[in-house]
Chemist: 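I'd like to ask some things about the structure below.
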There are 2 protein chains.
Amino acid sequence: MPSLRSDFSENLGSAPKTAMRQSFMDMALEEARAAAAAGEVPVGCVIVYSGEVIACAGNRTLTDFDPTAHAEMLAIREATTAIGAQRLADCDLYVTLEPCTMCAAAISYARIRRVYYGAADPKGGAVENGVRFFSSSTCHHRPEVYGGIGEAEAAALLQEFFRKLR
Amino acid sequence: MPSLRSDFSENLGSAPKTAMRQSFMDMALEEARAAAAAGEVPVGCVIVYSGEVIACAGNRTLTDFDPTAHAEMLAIREATTAIGAQRLADCDLYVTLEPCTMCAAAISYARIRRVYYGAADPKGGAVENGVRFFSSSTCHHRPEVYGGIGEAEAAALLQEFFRKLR
């Protein structure tokens, strides 16, 4: 696994590529905002194949009565259904919050190529926190991982959401 | 977390209770056999509330083009939809194979009360193997866990399935 919070210019080259990646994270943030508007924890996700968004989702655990309805799980299921295959090799996933244990495993099972995420999640994350699934002995596909993309906005959305709940 | 492979007589009392639990595991094994017949990895799961089965499923990852369609995930979604709530407090889950990282986390998020499983899974399990999620710092609900229930039959189903694949 590459080091987290890598220098994008080093890994991905020129400014337009970085701008494109930021724009995919902006779309994930838009999904997070829509989730918040529906009373859900504001996390959003998009999956990209060959420069095109093939799936996008926000959290829907309350709406769907489904504790597994995290943004990443919904986007993975949308993408695999769209493609008609259960593996998303050559696909990249953008999510506003560090994936949890369930989602990190699902990302690995789906063979996602790269994961870009926003805010770290010390309480529930499983990439740089918690079980660090991608570094575990039972992880059989490790995506490249880049954290801290759009971090400030993702974290602000979550803080605002939980402040209102109190 | 109670020790795995506990003595049932110690934890659960009289023989009829043990027999009832075996019959729920038999139903999970039936789901596993049906999954094998459909070409899926033979794992089956049932969820029980107040002595009644409220959800049952076998693996459907190939059928559904969905890497997240493990038996436990499908059964949890079926149960929460049936109940109209995203938490399954007071529900018990029976599964023929040690839950993987994704499913162990989903079981925790769903607030399942007790997990009974069959064969251990050193390659992919996350209860007594791998990330041992229920003992991790980012696990915020720990079910009671009992392994080795119906283990021989569950393991035989898996061995036969993978033998045929070779």
Side-chain angles (χ1 to χ4, degrees), chain A residues 40-41 59-70 72-89 91 98-112 120-141, chain B residues 40-41 59-70 72-89 91 98-112 120-141:
Chain A
E40 301 277 359
V41 176
N59 266 351
R60 282 209 311 262
T61 60
L62 298 174
T63 308
D64 291 0
F65 303 125
D66 180 359
T68 75
H70 289 193
E72 301 97 309
M73 302 295 282
L74 298 173
I76 287 171
R77 279 159 51 198
E78 186 181 319
T80 52
T81 302
I83 283 181
Q86 63 157 324
R87 294 188 172 179
L88 298 171
C91 289
E98 179 185 353
C100 77
T101 305
M102 173 180 73
C103 293
I107 285 166
S108 174
Y109 302 164
R111 304 291 194 276
I112 292 279
D121 182 6
K123 193 178 170 197
V127 178
E128 62 180 294
N129 288 287
V131 302
R132 293 175 171 78
F133 181 65
F134 299 137
S135 303
S136 82
S137 64
T138 47
C139 176
H140 308 298
H141 166 81
Chain B
E40 302 277 359
V41 175
N59 266 353
R60 282 209 310 262
T61 60
L62 298 174
T63 308
D64 291 0
F65 304 124
D66 181 358
T68 75
H70 288 193
E72 301 97 309
M73 303 295 282
L74 298 174
I76 287 170
R77 279 159 49 198
E78 185 182 319
T80 53
T81 302
I83 284 181
Q86 62 158 323
R87 293 188 174 179
L88 299 171
C91 289
E98 180 185 353
C100 76
T101 305
M102 173 179 73
C103 293
I107 285 166
S108 175
Y109 303 163
R111 304 291 194 275
I112 293 280
D121 182 7
K123 192 178 169 196
V127 179
E128 62 180 291
N129 288 287
V131 302
R132 292 176 171 77
F133 181 65
F134 299 137
S135 304
S136 82
S137 64
T138 47
C139 176
H140 308 299
H141 167 81

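Lettering of chains follows the sequences in order, A, B, ..., and the numbering in each one begins at 1.
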Chemist: Count the heavy atoms belonging to other residues, nucleotides or ligands that lie under 6.0 Å from CZ of R132(B), then report whether that count exceeds 12.
Modeler: yes
Chemist: Counting only non-hydrogen atoms closer than 4.5 Å, does T61(A) touch chain B with its backbone (N, CA, C, O), its side chain (CB onward), both, or neither?
Modeler: both
Chemist: Determine the minimum heavy-atom distance between K123(B) and H140(A), stating which atoms define it.
Modeler: O-NE2, 2.8 Å
Chemist: Against chain B, work out which of A104(A), C103(A), A105(A), A79(A) has the most heavy-atom pairs shorter than 4.5 Å and name it.
Modeler: A105(A)
Chemist: Could you tell me which portion of A85(A) (side chain, backbone, both or neither) has an atom closer than 4.5 angstrom to a non-hydrogen atom of chain B?
Modeler: backbone
Chemist: Of all the heavy-atom pairs spanning Q86(A) and F65(B), show the shortest one and how long it is.
Modeler: CB-C, 3.7 Å
Chemist: Measure distances from L62(A) to the heavy atoms of chain B and classify the residue's part below 4.5 Å as side chain, backbone, both or neither.
Modeler: both
Chemist: Using 0.5 Å steps for rounding, measure from the OG1 atom of T81(A) to the CG atom of D64(B).
Modeler: 8.0 Å
Chemist: Between C100(B), S137(B), A126(B), who has the most heavy-atom pairs with chain A when the cutoff is under 4.5 Å?
Modeler: C100(B)
Chemist: I need the minimum non-hydrogen distance between T101(A) and T138(B), along with the two atoms involved.
Modeler: OG1-OG1, 4.3 Å
Chemist: Ignoring hydrogens, what is the shortest heavy-atom contact between M73(B) and M73(A)? Give both atom names and the distance.
Modeler: CE-CE, 3.3 Å
